[in-house]
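Scroll down for the structure; my scribbles are underneath it.
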Number of protein chains: 2
Amino acid sequence: MDRPEETGGGSGPTRGREATRARILASAKELFTNEGYGSVSSRMIASHAGVNVALINRYFGAKRGLLTEILREDGVFPGLIEGDPATLTRRLAEHAVSRLHGEGTALQRALDDSAGDPDLQAVYQGRITSAMIDPLEAYLGTDGARAHASLMAAVMLGLTRVRLVEGATALRALDRELLTDRLRVLLDLCLEDFGEPGAPEEPEGPRGTEGVGEG
Amino acid sequence: MDRPEETGGGSGPTRGREATRARILASAKELFTNEGYGSVSSRMIASHAGVNVALINRYFGAKRGLLTEILREDGVFPGLIEGDPATLTRRLAEHAVSRLHGEGTALQRALDDSAGDPDLQAVYQGRITSAMIDPLEAYLGTDGARAHASLMAAVMLGLTRVRLVEGATALRALDRELLTDRLRVLLDLCLEDFGEPGAPEEPEGPRGTEGVGEG
DNA sequence: TTTGACAGGTAAGCAGTGTTTACATGAGTC
DNA sequence: GACTCATGTAAACACTGCTTACCTGTCAAA
(Lines give C-alpha, C1' and ligand atoms only; values in the text may rest on other atoms or scores of the structure.)
Protein backbone atom coordinates (compact mmCIF):
# COMPACT_ATOMS: atom_id res chain seq x y z
CA MET A 1 0.00 0.00 0.00
CA ASP A 2 1.09 3.54 0.63
CA ARG A 3 4.38 4.29 2.18
CA PRO A 4 3.94 7.41 4.32
CA GLU A 5 7.45 7.29 5.71
CA GLU A 6 8.96 9.73 3.24
CA THR A 7 9.18 12.46 5.81
CA GLY A 8 12.79 12.00 6.70
CA GLY A 9 15.46 14.65 6.79
CA GLY A 10 17.21 16.25 3.88
CA SER A 11 18.90 13.18 2.49
CA GLY A 12 15.83 10.99 2.43
CA PRO A 13 15.07 7.68 4.06
CA THR A 14 17.59 4.92 3.93
CA ARG A 15 15.05 2.16 4.10
CA GLY A 16 11.84 1.42 2.29
CA ARG A 17 11.19 0.15 -1.17
CA GLU A 18 12.08 3.23 -3.20
CA ALA A 19 15.03 4.25 -1.08
CA THR A 20 16.52 0.76 -1.23
CA ARG A 21 15.95 0.45 -4.95
CA ALA A 22 17.60 3.80 -5.48
CA ARG A 23 20.60 2.90 -3.32
CA ILE A 24 21.12 -0.35 -5.17
CA LEU A 25 20.84 1.40 -8.50
CA ALA A 26 23.25 4.13 -7.52
CA SER A 27 25.79 1.66 -6.17
CA ALA A 28 25.54 -0.49 -9.26
CA LYS A 29 26.04 2.51 -11.51
CA GLU A 30 29.04 3.67 -9.56
CA LEU A 31 30.64 0.24 -9.42
CA PHE A 32 29.96 -0.54 -13.07
CA THR A 33 31.50 2.78 -13.98
CA ASN A 34 34.63 2.17 -11.97
CA GLU A 35 35.11 -1.56 -12.40
CA GLY A 36 33.16 -2.59 -15.45
CA TYR A 37 30.22 -4.91 -15.46
CA GLY A 38 31.62 -8.41 -15.40
CA SER A 39 33.97 -7.90 -12.50
CA VAL A 40 31.32 -6.47 -10.23
CA SER A 41 29.41 -9.17 -8.40
CA SER A 42 25.95 -8.99 -6.92
CA ARG A 43 27.46 -9.23 -3.47
CA MET A 44 29.78 -6.31 -4.17
CA ILE A 45 26.85 -4.18 -5.19
CA ALA A 46 24.82 -5.23 -2.19
CA SER A 47 27.71 -4.61 0.14
CA HIS A 48 28.41 -1.19 -1.36
CA ALA A 49 24.77 -0.26 -1.04
CA GLY A 50 24.63 -1.56 2.51
CA VAL A 51 21.90 -3.94 1.53
CA ASN A 52 21.33 -7.67 1.43
CA VAL A 53 22.12 -9.52 -1.77
CA ALA A 54 18.67 -10.96 -2.06
CA LEU A 55 17.21 -7.50 -2.46
CA ILE A 56 18.91 -7.08 -5.80
CA ASN A 57 17.02 -10.01 -7.11
CA ARG A 58 13.88 -8.94 -5.33
CA TYR A 59 13.86 -5.53 -6.92
CA PHE A 60 15.55 -6.13 -10.25
CA GLY A 61 14.96 -9.76 -10.96
CA ALA A 62 18.63 -10.42 -11.53
CA LYS A 63 21.91 -8.66 -12.01
CA ARG A 64 21.02 -8.21 -15.65
CA GLY A 65 17.89 -6.37 -14.60
CA LEU A 66 20.05 -3.77 -12.92
CA LEU A 67 21.88 -3.22 -16.16
CA THR A 68 18.66 -2.93 -18.12
CA GLU A 69 17.36 -0.40 -15.63
CA ILE A 70 20.54 1.65 -15.78
CA LEU A 71 20.57 1.66 -19.56
CA ARG A 72 16.89 2.52 -19.72
CA GLU A 73 17.67 6.02 -18.52
CA ASP A 74 20.28 6.45 -21.19
CA GLY A 75 19.68 6.35 -24.91
CA VAL A 76 22.33 4.51 -26.90
CA PHE A 77 22.45 7.16 -29.57
CA PRO A 78 20.59 9.97 -27.90
CA GLY A 79 19.46 12.64 -30.27
CA LEU A 80 21.57 11.38 -33.12
CA ILE A 81 19.02 9.68 -35.27
CA GLU A 82 16.45 12.40 -35.01
CA GLY A 83 17.30 15.62 -36.72
CA ASP A 84 18.14 16.86 -40.18
CA PRO A 85 18.34 13.85 -42.53
CA ALA A 86 21.01 15.60 -44.56
CA THR A 87 23.39 15.47 -41.63
CA LEU A 88 22.51 12.07 -40.24
CA THR A 89 25.63 10.27 -41.40
CA ARG A 90 27.76 13.19 -40.34
CA ARG A 91 26.32 13.08 -36.85
CA LEU A 92 26.79 9.34 -36.62
CA ALA A 93 30.36 9.64 -37.85
CA GLU A 94 31.10 12.29 -35.27
CA HIS A 95 29.57 10.13 -32.61
CA ALA A 96 31.63 7.13 -33.68
CA VAL A 97 34.84 9.13 -33.64
CA SER A 98 33.93 10.53 -30.28
CA ARG A 99 33.43 7.05 -28.86
CA LEU A 100 36.61 5.91 -30.52
CA HIS A 101 38.43 8.56 -28.56
CA GLY A 102 36.92 7.30 -25.35
CA GLU A 103 34.65 10.26 -24.91
CA GLY A 104 31.15 9.99 -23.60
CA THR A 105 30.18 9.32 -20.02
CA ALA A 106 32.41 7.26 -17.80
CA LEU A 107 29.67 4.69 -17.61
CA GLN A 108 29.50 4.42 -21.39
CA ARG A 109 33.24 3.91 -21.54
CA ALA A 110 33.15 1.30 -18.82
CA LEU A 111 30.35 -0.59 -20.49
CA ASP A 112 32.10 -0.40 -23.83
CA ASP A 113 35.02 -2.13 -22.24
CA SER A 114 32.75 -4.77 -20.73
CA ALA A 115 30.98 -5.34 -24.03
CA GLY A 116 32.05 -8.94 -24.06
CA ASP A 117 29.95 -9.97 -21.12
CA PRO A 118 27.02 -12.22 -21.97
CA ASP A 119 24.66 -10.05 -19.95
CA LEU A 120 25.68 -6.90 -21.75
CA GLN A 121 25.45 -8.85 -24.92
CA ALA A 122 21.91 -9.87 -24.20
CA VAL A 123 20.83 -6.43 -23.13
CA TYR A 124 22.57 -4.74 -26.03
CA GLN A 125 21.13 -7.30 -28.36
CA GLY A 126 17.73 -5.84 -27.74
CA ARG A 127 18.90 -2.27 -27.46
CA ILE A 128 21.01 -2.14 -30.57
CA THR A 129 18.08 -3.38 -32.56
CA SER A 130 15.46 -1.27 -30.86
CA ALA A 131 17.50 1.86 -30.31
CA MET A 132 19.61 1.91 -33.44
CA ILE A 133 18.57 -0.32 -36.30
CA ASP A 134 14.82 0.04 -35.85
CA PRO A 135 14.90 3.84 -35.60
CA LEU A 136 17.32 4.06 -38.49
CA GLU A 137 15.04 1.94 -40.58
CA ALA A 138 12.00 4.00 -39.69
CA TYR A 139 13.95 7.20 -40.14
CA LEU A 140 15.13 6.27 -43.60
CA GLY A 141 11.71 5.05 -44.56
CA THR A 142 12.97 4.00 -47.94
CA ASP A 143 12.51 0.67 -49.59
CA GLY A 144 14.86 -1.88 -48.16
CA ALA A 145 15.73 0.55 -45.41
CA ARG A 146 16.49 -2.21 -42.96
CA ALA A 147 19.38 -3.53 -44.99
CA HIS A 148 20.84 -0.05 -45.16
CA ALA A 149 20.30 0.45 -41.46
CA SER A 150 21.96 -2.88 -40.75
CA LEU A 151 24.98 -1.96 -42.81
CA MET A 152 25.34 1.34 -41.01
CA ALA A 153 25.01 -0.42 -37.70
CA ALA A 154 27.73 -2.81 -38.79
CA VAL A 155 30.13 0.05 -39.43
CA MET A 156 29.28 1.69 -36.12
CA LEU A 157 29.53 -1.51 -34.12
CA GLY A 158 32.66 -2.60 -35.92
CA LEU A 159 34.46 0.53 -34.87
CA THR A 160 33.60 -0.11 -31.24
CA ARG A 161 34.83 -3.62 -31.74
CA VAL A 162 38.17 -2.59 -33.18
CA ARG A 163 38.67 -0.17 -30.36
CA LEU A 164 37.90 -2.87 -27.86
CA VAL A 165 40.06 -5.50 -29.48
CA GLU A 166 42.98 -3.68 -30.94
CA GLY A 167 42.86 -0.28 -29.34
CA ALA A 168 42.36 1.50 -32.66
CA THR A 169 45.41 3.58 -31.95
CA ALA A 170 46.10 4.05 -35.63
CA LEU A 171 42.61 5.38 -36.19
CA ARG A 172 42.78 7.62 -33.18
CA ALA A 173 46.09 8.97 -34.40
CA LEU A 174 44.48 10.16 -37.60
CA ASP A 175 43.40 13.71 -38.07
CA ARG A 176 40.02 13.72 -36.46
CA GLU A 177 38.25 15.60 -39.18
CA LEU A 178 39.65 13.37 -41.89
CA LEU A 179 38.53 10.25 -40.08
CA THR A 180 35.10 11.68 -39.41
CA ASP A 181 34.66 12.52 -43.02
CA ARG A 182 35.82 9.14 -44.18
CA LEU A 183 33.32 7.51 -41.86
CA ARG A 184 30.61 9.79 -43.15
CA VAL A 185 31.38 8.69 -46.69
CA LEU A 186 31.34 5.06 -45.59
CA LEU A 187 27.98 5.54 -43.93
CA ASP A 188 26.64 7.36 -46.96
CA LEU A 189 27.73 4.44 -49.04
CA CYS A 190 25.76 2.15 -46.76
CA LEU A 191 22.68 4.15 -47.66
CA GLU A 192 23.02 4.01 -51.40
CA ASP A 193 20.67 1.85 -53.35
CA PHE A 194 21.89 -1.65 -53.92
CA GLY A 195 20.78 -1.67 -57.52
CA GLU A 196 19.13 -4.37 -59.53
CA PRO A 197 20.03 -7.99 -59.01
CA GLY A 198 22.15 -9.08 -61.90
CA ALA A 199 22.69 -5.56 -63.20
CA PRO A 200 26.27 -4.33 -63.32
CA GLU A 201 26.83 -1.69 -60.67
CA GLU A 202 27.65 1.86 -61.60
CA PRO A 203 30.30 3.24 -59.32
CA GLU A 204 28.89 6.45 -57.93
CA GLY A 205 31.40 7.43 -55.31
CA PRO A 206 34.54 9.43 -55.96
CA ARG A 207 36.53 6.32 -56.29
CA GLY A 208 38.27 4.10 -58.69
CA THR A 209 37.34 0.49 -58.27
CA GLU A 210 40.51 -1.42 -58.18
CA GLY A 211 39.66 -4.85 -56.89
CA VAL A 212 37.18 -6.09 -59.43
CA GLY A 213 38.34 -9.61 -59.57
CA GLU A 214 35.95 -12.46 -59.74
CA GLY A 215 36.28 -15.09 -57.10
CA MET B 1 34.66 -43.96 -14.06
CA ASP B 2 34.01 -45.34 -17.49
CA ARG B 3 36.71 -46.81 -19.54
CA PRO B 4 37.05 -44.24 -22.28
CA GLU B 5 36.98 -45.21 -25.89
CA GLU B 6 39.95 -44.34 -27.94
CA THR B 7 39.37 -41.28 -30.03
CA GLY B 8 40.65 -40.72 -33.50
CA GLY B 9 43.25 -43.04 -34.90
CA GLY B 10 41.82 -46.13 -33.36
CA SER B 11 44.91 -47.81 -32.01
CA GLY B 12 46.68 -45.22 -29.94
CA PRO B 13 47.18 -45.45 -26.20
CA THR B 14 44.44 -44.00 -24.04
CA ARG B 15 46.79 -42.81 -21.35
CA GLY B 16 49.98 -40.86 -21.39
CA ARG B 17 50.64 -37.24 -21.97
CA GLU B 18 50.03 -36.95 -25.68
CA ALA B 19 47.05 -39.29 -25.78
CA THR B 20 45.36 -37.48 -22.92
CA ARG B 21 46.05 -34.09 -24.40
CA ALA B 22 44.63 -35.21 -27.71
CA ARG B 23 41.51 -36.68 -26.12
CA ILE B 24 40.81 -33.50 -24.19
CA LEU B 25 41.34 -31.41 -27.29
CA ALA B 26 39.07 -33.59 -29.42
CA SER B 27 36.33 -33.58 -26.81
CA ALA B 28 36.53 -29.86 -26.37
CA LYS B 29 36.33 -29.28 -30.09
CA GLU B 30 33.35 -31.54 -30.44
CA LEU B 31 31.50 -30.05 -27.47
CA PHE B 32 32.27 -26.46 -28.44
CA THR B 33 31.00 -27.21 -31.91
CA ASN B 34 27.76 -28.70 -30.68
CA GLU B 35 27.04 -26.57 -27.64
CA GLY B 36 29.02 -23.38 -28.00
CA TYR B 37 31.81 -22.29 -25.73
CA GLY B 38 30.16 -20.71 -22.74
CA SER B 39 27.74 -23.49 -22.03
CA VAL B 40 30.39 -26.17 -22.00
CA SER B 41 32.03 -26.49 -18.61
CA SER B 42 35.43 -27.85 -17.79
CA ARG B 43 33.79 -30.80 -16.10
CA MET B 44 31.74 -31.59 -19.17
CA ILE B 45 34.85 -31.67 -21.29
CA ALA B 46 36.70 -33.81 -18.81
CA SER B 47 33.80 -36.18 -18.45
CA HIS B 48 33.37 -36.47 -22.20
CA ALA B 49 37.06 -37.18 -22.61
CA GLY B 50 37.01 -39.67 -19.76
CA VAL B 51 39.60 -37.66 -17.92
CA ASN B 52 39.91 -35.82 -14.65
CA VAL B 53 39.07 -32.13 -14.64
CA ALA B 54 42.40 -31.16 -13.23
CA LEU B 55 44.14 -32.46 -16.34
CA ILE B 56 42.60 -29.72 -18.42
CA ASN B 57 44.39 -27.18 -16.36
CA ARG B 58 47.49 -29.28 -16.19
CA TYR B 59 47.79 -29.51 -19.95
CA PHE B 60 46.19 -26.31 -21.13
CA GLY B 61 46.56 -23.96 -18.24
CA ALA B 62 42.88 -23.17 -18.21
CA LYS B 63 39.73 -23.59 -20.21
CA ARG B 64 40.78 -20.61 -22.26
CA GLY B 65 43.97 -22.39 -23.16
CA LEU B 66 41.92 -25.10 -24.80
CA LEU B 67 40.27 -22.51 -26.95
CA THR B 68 43.56 -20.94 -27.89
CA GLU B 69 44.92 -24.32 -28.87
CA ILE B 70 41.87 -25.16 -30.97
CA LEU B 71 42.00 -21.83 -32.76
CA ARG B 72 45.72 -22.10 -33.30
CA GLU B 73 45.14 -24.85 -35.85
CA ASP B 74 42.62 -22.72 -37.66
CA GLY B 75 43.41 -19.38 -39.25
CA VAL B 76 40.74 -16.74 -38.79
CA PHE B 77 40.92 -15.73 -42.42
CA PRO B 78 42.81 -18.60 -43.93
CA GLY B 79 44.19 -17.85 -47.34
CA LEU B 80 42.23 -14.66 -47.73
CA ILE B 81 44.84 -12.08 -47.08
CA GLU B 82 47.49 -13.71 -49.17
CA GLY B 83 46.87 -13.68 -52.89
CA ASP B 84 46.34 -11.19 -55.65
CA PRO B 85 46.18 -7.71 -54.12
CA ALA B 86 43.75 -6.63 -56.80
CA THR B 87 41.15 -9.04 -55.48
CA LEU B 88 41.79 -8.70 -51.76
CA THR B 89 38.68 -6.71 -50.95
CA ARG B 90 36.60 -8.92 -53.18
CA ARG B 91 37.78 -12.00 -51.33
CA LEU B 92 37.16 -10.41 -47.96
CA ALA B 93 33.69 -9.33 -49.04
CA GLU B 94 32.88 -12.82 -50.20
CA HIS B 95 34.16 -14.20 -46.96
CA ALA B 96 32.04 -11.77 -44.96
CA VAL B 97 28.91 -12.62 -46.91
CA SER B 98 29.67 -16.28 -46.51
CA ARG B 99 29.94 -15.90 -42.73
CA LEU B 100 26.81 -13.78 -42.73
CA HIS B 101 24.99 -16.70 -44.26
CA GLY B 102 26.24 -19.00 -41.56
CA GLU B 103 28.61 -20.85 -43.79
CA GLY B 104 32.04 -21.97 -42.71
CA THR B 105 32.85 -24.85 -40.44
CA ALA B 106 30.45 -25.89 -37.72
CA LEU B 107 33.03 -24.86 -35.17
CA GLN B 108 33.33 -21.40 -36.69
CA ARG B 109 29.57 -21.00 -36.57
CA ALA B 110 29.39 -22.19 -33.00
CA LEU B 111 32.14 -19.85 -31.90
CA ASP B 112 30.56 -16.96 -33.77
CA ASP B 113 27.46 -17.52 -31.70
CA SER B 114 29.50 -17.65 -28.52
CA ALA B 115 31.37 -14.50 -29.44
CA GLY B 116 30.09 -12.75 -26.36
CA ASP B 117 32.01 -14.86 -23.93
CA PRO B 118 34.86 -13.09 -22.15
CA ASP B 119 37.24 -15.93 -22.92
CA LEU B 120 36.49 -15.83 -26.62
CA GLN B 121 36.78 -12.12 -26.39
CA ALA B 122 40.21 -12.36 -24.88
CA VAL B 123 41.44 -14.96 -27.32
CA TYR B 124 39.99 -13.16 -30.31
CA GLN B 125 41.47 -9.96 -29.02
CA GLY B 126 44.87 -11.34 -29.78
CA ARG B 127 43.89 -13.24 -32.86
CA ILE B 128 42.01 -10.48 -34.62
CA THR B 129 45.01 -8.30 -34.25
CA SER B 130 47.61 -10.89 -35.11
CA ALA B 131 45.68 -12.79 -37.75
CA MET B 132 43.81 -9.97 -39.42
CA ILE B 133 44.93 -6.44 -38.75
CA ASP B 134 48.65 -7.16 -38.58
CA PRO B 135 48.73 -9.18 -41.81
CA LEU B 136 46.52 -6.66 -43.55
CA GLU B 137 48.84 -3.90 -42.50
CA ALA B 138 51.87 -5.79 -43.68
CA TYR B 139 50.12 -6.82 -46.84
CA LEU B 140 49.13 -3.30 -47.74
CA GLY B 141 52.56 -2.02 -46.89
CA THR B 142 51.50 1.52 -47.65
CA ASP B 143 51.91 4.54 -45.46
CA GLY B 144 49.37 4.56 -42.71
CA ALA B 145 48.41 1.04 -43.62
CA ARG B 146 47.37 0.21 -40.11
CA ALA B 147 44.58 2.73 -40.07
CA HIS B 148 43.28 1.31 -43.32
CA ALA B 149 43.57 -2.21 -41.98
CA SER B 150 41.74 -1.19 -38.83
CA LEU B 151 38.90 0.31 -40.82
CA MET B 152 38.58 -2.82 -42.89
CA ALA B 153 38.60 -4.91 -39.77
CA ALA B 154 35.86 -2.71 -38.36
CA VAL B 155 33.62 -3.40 -41.34
CA MET B 156 34.31 -7.12 -41.17
CA LEU B 157 33.79 -7.35 -37.42
CA GLY B 158 30.75 -5.13 -37.52
CA LEU B 159 29.00 -7.49 -39.91
CA THR B 160 29.61 -10.40 -37.59
CA ARG B 161 28.27 -8.24 -34.80
CA VAL B 162 25.09 -7.33 -36.59
CA ARG B 163 24.49 -10.94 -37.45
CA LEU B 164 24.98 -11.88 -33.83
CA VAL B 165 22.82 -9.14 -32.43
CA GLU B 166 20.09 -8.60 -34.93
CA GLY B 167 20.26 -11.62 -37.16
CA ALA B 168 21.05 -9.56 -40.25
CA THR B 169 18.04 -11.06 -41.95
CA ALA B 170 17.63 -8.01 -44.14
CA LEU B 171 21.20 -8.28 -45.35
CA ARG B 172 20.93 -11.99 -45.93
CA ALA B 173 17.76 -11.43 -47.90
CA LEU B 174 19.63 -9.23 -50.35
CA ASP B 175 20.89 -10.52 -53.62
CA ARG B 176 24.14 -12.08 -52.64
CA GLU B 177 26.17 -10.67 -55.45
CA LEU B 178 24.87 -7.16 -54.87
CA LEU B 179 25.73 -7.33 -51.18
CA THR B 180 29.16 -8.74 -51.89
CA ASP B 181 29.88 -5.96 -54.31
CA ARG B 182 28.67 -3.30 -51.94
CA LEU B 183 30.92 -4.68 -49.25
CA ARG B 184 33.81 -4.72 -51.67
CA VAL B 185 33.23 -1.06 -52.43
CA LEU B 186 33.05 -0.31 -48.70
CA LEU B 187 36.31 -2.13 -48.13
CA ASP B 188 37.92 -0.38 -51.05
CA LEU B 189 36.87 2.88 -49.54
CA CYS B 190 38.57 1.87 -46.31
CA LEU B 191 41.78 1.60 -48.29
CA GLU B 192 41.72 4.96 -49.94
CA ASP B 193 44.11 7.62 -48.79
CA PHE B 194 42.77 9.85 -46.07
CA GLY B 195 44.13 12.99 -47.63
CA GLU B 196 45.86 15.93 -46.05
CA PRO B 197 44.88 17.16 -42.62
CA GLY B 198 43.18 20.49 -42.90
CA ALA B 199 43.02 20.30 -46.67
CA PRO B 200 39.72 21.41 -48.14
CA GLU B 201 37.73 18.36 -48.99
CA GLU B 202 36.51 17.64 -52.44
CA PRO B 203 32.78 17.59 -52.96
CA GLU B 204 31.87 13.97 -52.48
CA GLY B 205 28.60 12.79 -51.08
CA PRO B 206 25.52 14.64 -49.95
CA ARG B 207 26.70 16.79 -47.16
CA GLY B 208 25.21 19.54 -45.10
CA THR B 209 26.81 20.76 -41.96
CA GLU B 210 29.72 22.89 -41.14
CA GLY B 211 28.89 22.72 -37.46
CA VAL B 212 31.33 20.25 -36.00
CA GLY B 213 30.13 19.70 -32.49
CA GLU B 214 31.33 17.21 -29.96
CA GLY B 215 29.52 13.94 -29.95
C1' DT C 1 -4.56 -2.29 23.31
C1' DT C 2 -4.34 -6.27 21.09
C1' DT C 3 -4.00 -8.68 17.07
C1' DG C 4 -2.66 -10.16 12.74
C1' DA C 5 -1.37 -9.33 8.06
C1' DC C 6 2.34 -8.13 5.28
C1' DA C 7 6.01 -5.44 2.92
C1' DG C 8 10.71 -5.06 3.65
C1' DG C 9 14.88 -7.06 5.09
C1' DT C 10 18.04 -11.01 6.31
C1' DA C 11 21.11 -15.36 6.89
C1' DA C 12 21.93 -19.30 4.97
C1' DG C 13 22.08 -22.26 1.34
C1' DC C 14 21.77 -24.12 -3.63
C1' DA C 15 23.77 -25.36 -7.78
C1' DG C 16 26.90 -23.91 -10.68
C1' DT C 17 31.59 -22.17 -12.40
C1' DG C 18 36.96 -22.33 -13.21
C1' DT C 19 40.92 -23.64 -10.79
C1' DT C 20 44.14 -25.64 -7.22
C1' DT C 21 45.69 -28.67 -3.84
C1' DA C 22 47.36 -32.82 -1.69
C1' DC C 23 47.66 -37.33 -2.50
C1' DA C 24 47.89 -42.00 -5.11
C1' DT C 25 49.84 -44.79 -8.77
C1' DG C 26 52.62 -46.94 -11.92
C1' DA C 27 56.62 -47.17 -14.81
C1' DG C 28 61.53 -46.71 -15.32
C1' DT C 29 66.10 -46.36 -13.06
C1' DC C 30 69.82 -46.72 -9.77
C1' DG D 1 64.16 -53.01 -2.99
C1' DA D 2 64.20 -47.96 -2.92
C1' DC D 3 64.05 -43.73 -5.36
C1' DT D 4 62.33 -40.50 -8.85
C1' DC D 5 58.98 -38.47 -11.28
C1' DA D 6 55.52 -37.80 -14.70
C1' DT D 7 50.70 -38.93 -14.83
C1' DG D 8 46.22 -39.27 -12.91
C1' DT D 9 42.75 -38.58 -9.08
C1' DA D 10 39.48 -36.90 -5.34
C1' DA D 11 38.39 -33.27 -2.88
C1' DA D 12 38.42 -29.00 -1.94
C1' DC D 13 38.70 -23.65 -2.76
C1' DA D 14 36.88 -19.38 -3.87
C1' DC D 15 33.96 -17.61 -6.43
C1' DT D 16 29.45 -16.70 -9.17
C1' DG D 17 24.16 -15.58 -9.67
C1' DC D 18 20.19 -16.69 -7.49
C1' DT D 19 16.55 -18.73 -4.07
C1' DT D 20 14.72 -20.19 0.11
C1' DA D 21 12.86 -19.89 4.69
C1' DC D 22 12.71 -16.95 8.15
C1' DC D 23 12.56 -12.68 11.00
C1' DT D 24 10.85 -7.86 11.99
C1' DG D 25 8.93 -3.49 12.12
C1' DT D 26 4.88 -1.00 10.71
C1' DC D 27 0.18 -0.27 10.33
C1' DA D 28 -4.83 -1.00 10.08
C1' DA D 29 -8.59 -3.37 11.76
C1' DA D 30 -10.82 -5.45 15.85
Residues in salt bridge (Lys or Arg N to Asp or Glu O under 4.0 Å) contact with A/Arg161, at least two apart in sequence or another chain: none
Contacts of B/Lys63 that satisfy salt bridge (Lys or Arg N to Asp or Glu O under 4.0 Å) - sequence neighbours left out: none
Any side-chain hydrogen bond (donor to acceptor under 3.5 Å, both in side chains) pairs touching residues 34-47 of chain B, not counting sequence neighbours? B/Tyr37-B/Asp119
Pairs in or reaching into residues 128-154 of chain A: which pass salt bridge (Lys or Arg N to Asp or Glu O under 4.0 Å), with residues at least two apart or in two chains? A/Asp134-A/Arg146, A/Glu137-A/Arg146, A/Arg146-B/Glu166
Can you list every pair that meets salt bridge (Lys or Arg N to Asp or Glu O under 4.0 Å) and has a residue in residues 52-62 of chain A, with sequence neighbours left out? none
If an axis is fit to five pairs at each end of the helix from C/dT1-D/dA30 to C/dC30-D/dG1, what is the angle between the two, to the nearest 10°? 40°
Starting at atom [atom1] of [X], determine the distance to atom [atom2] of [N], rounded to an integer number of angstrom.
X	N	atom1	atom2	result
A/Glu18	C/dG9	CD	P	11 Å
B/Arg21	D/dG8	CZ	C1'	16 Å
A/Ile24	C/dG8	CD1	P	12 Å
A/Ile45	D/dC15	CD1	C1'	15 Å
A/Leu120	D/dG17	CG	C1'	16 Å
B/Arg17	D/dG8	CZ	P	9 Å

Between B/Ser42 and C/dT17, is there a side-chain N or O to OP1/OP2 distance below 4.0 Å? no
Taking only N and O in the side chain of A/Thr20, is any of them less than 4.0 Å away from OP1 or OP2 of C/dG8? no
B/Arg23 to B/Ala49 - nearest heavy-atom pair and separation: NH2-O, 2.6 Å
Expected list for residues 50-67 of chain A near DNA chain C, using heavy atoms below 4.0 Å, is A/Asn52, A/Ala54, A/Leu55, A/Arg58, A/Tyr59
Set of ring-ring contact (aromatic ring centres under 6.0 Å, His included) partners for B/Phe194, sequence neighbours left out: B/His148
Sorted by chain and residue number, the side chain to side chain donor-acceptor pair (under 3.5 Å) partners of A/Thr142 (sequence neighbours excluded) come out as none
Measuring from atom CD1 of A/Ile70 to atom OG1 of A/Thr33, what distance do you get when rounded to the nearest 0.5 angstrom? 7.5 Å
